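These notes concern the structure reproduced below.
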Amino acid sequence: MTDNVALSALDWWAEAGVDTLADDSPRNWLAAAPVSAVAEASLVEVLPVLSTPATSVILPETLEAFRAFLLGDTAVPGPADARIDAAGDSASGIAVVVDMPEAEDRASGSLLSGEVGALFDRMLGAIKLERAQVYLIPFSPARPTTGRLSEAHQKALKPLLLHHLGLIAPRKLLLLGDAPVQALLGRPAAKARDTEHAISIGASSVPAVATIHPRLVSLKREWRPLIWADLQRFEKL
């Protein structure tokens, strides 16, 4: 098993909600946790939350300056050397938000650069689009080593995503993966898909479609008809 396949499998279980390993011996779940276990649990968070409340951070008012802010400012969760920039045509009117960079994206320095990216390109091609015709945004510029964004990180990143979208003023929005869907719609992608949504961005209401991340579709082929139906819905917005 390659590293990428192993990481994809871990992502699958994380998105499915599995966050605890099973043990061969029974455990008393009502017993108080040992001090050592509590101390170890505190190390789970990989990315720091915003050091300053999002409402008090002064965000740049131009797209170029804001993208530089996302890549280098210490107020943004994640190490600066692990962050990946948005890509594509910001004036296209079509915004696509993925939850985070893939494991292999750090080496390439671009979003969706591996096998998952190849599937994403085929998804776009199915609705007569290419990457150059959309604006691709990572909800989290950096990928945590766990491959999963905590609720605290989602809360910290949400105002940054809304500000980003406000600067580009898209006419429609495609959300891929649980983290951005949960942040903007308050439910996981599996429950938010199959319908059209309206998201308030500044003074505008932008139509949006949420669907399953291509990383999971690559592992579960029977989900492809579902994502195809969502893409058709997005094409008609």
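The structure presented is a predicted model; accordingly, all values stated were derived computationally and were not measured.
- Expressed to the nearest 0.5 Å, how far CZ of R67 lies from OG1 of T62 amounts to 11.0 Å.
- Using a 4.5 Å cut-off on side-chain heavy atoms (C-beta onward), P77 and L149 make no contact.
- Taken to the nearest 0.5 Å, the CG atom of D230 stands 3.5 Å off from the OG1 atom of T211.
- Residues L59 and I201 are members of one and the same hydrophobic cluster, defined by side-chain heavy-atom contacts under 4.5 angstrom among Ile, Leu, Val, Met, Phe, Trp and Tyr.
- Side-chain contact between F234 and I127: present, with at least one pair of heavy atoms (C-beta onward) separated by less than 4.5 Å.
- Residues V97 and L161 form a side-chain contact, since some pair of their non-hydrogen atoms from C-beta on lies under 4.5 Å apart.
- I84 and L71 are not part of a single hydrophobic cluster, where members link through side-chain heavy atoms under 4.5 Å apart.
- Formation of a donor-acceptor pair under 3.5 Å by the S204 side chain with backbone atoms of V206 is not found in this model.
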Using salt bridge (charged side-chain N to carboxylate O under 4.0 Å, His left out), reason through D99 and R215 one step at a time and then give a plain yes or no.
CA-CA 11 Å; D99 51 6; R215 124 176 22 101; 2.9 Å; yes
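- Counting only distance, with no hydrogens or angles, the side chain of D178 and the backbone of A189 share a donor-acceptor pair below 3.5 Å.
- In this structure the side chain of M123 reaches within 4.5 angstrom of the side chain of L231, judged on heavy atoms.
- Between R131 and D121 there is a salt bridge, since at least one side-chain N of the basic residue sits less than 4.0 Å from a carboxylate O of the acidic one.
- Distance check: R193 CZ to I212 CD1 gives 5.5 Å after rounding to the nearest 0.5 Å.
- Taking 4.5 Å as the limit, some side-chain heavy atom of R224 sits within range of a side-chain heavy atom of L119.
- Closest heavy-atom contact between S140 and L157: CB-CD1, 3.6 Å.
- With hydrogens and angles disregarded, a donor-acceptor distance shorter than 3.5 Å links the side chain of Q133 to the backbone of E130.
- The shortest side-chain heavy-atom distance between L175 and V98 does not fall under the 4.5 Å cut-off.
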For the pair L184 and L162, evaluate side-chain contact (heavy atoms from CB on, under 4.5 Å) and give the outcome as yes or no after the intermediate values.
CA-CA 9 Å; L184 295 184; L162 288 173; 3.8 Å; yes
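- Between S205 atom OG and H197 atom NE2 the span is 12.0 Å, to the nearest 0.5 Å.
- In this structure, D85 and L70 have side chains that are not in contact, with every pair of non-hydrogen atoms separated by 4.5 Å or more.
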Show the numbers, then the answer: is there a side-chain contact (heavy atoms from CB on, under 4.5 Å) between Q182 and E151?
CA-CA 9 Å; Q182 188 75 47; E151 183 178 347; over 6 Å; no
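- The CE atom of M100 sits 10.5 Å away from the NE2 atom of H153 when rounded to the nearest 0.5 Å.
- Contact annotation: the side chain of V76 approaches that of R83 to within less than 4.5 Å [non-hydrogen atoms, C-beta and beyond].
- In this structure, H213 has its ring center no closer than 6.0 Å to that of F120.
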Evaluate H164 against Y135 for ring pair (Phe, Tyr, Trp, His ring centres under 6.0 Å), listing each step before the verdict.
CA-CA 11 Å; H164 202 159; Y135 186 58; 5.5 Å; yes
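- For D81 and R106, the salt-bridge test passes: some basic side-chain N is under 4.0 Å from an acidic carboxylate O.
- Nearest approach of P138 to L111, heavy atoms of both residues: CD-CD1, 3.6 Å.
- Checking I137, D89, I94 one by one against I168, the side chain to side chain contact (heavy atoms under 4.5 Å, CB included) holds for a single residue, I137.
- The CG atom of L165 sits 12.0 Å away from the OG atom of S200 when rounded to the nearest 0.5 Å.
- A salt bridge links R233 with D194: the closest approach of a Lys/Arg side-chain nitrogen to an acidic carboxylate oxygen falls below 4.0 angstrom.
- Heavy atoms from other residues, nucleotides or ligands lying under 6.0 Å from CD of E222 number more than 12.
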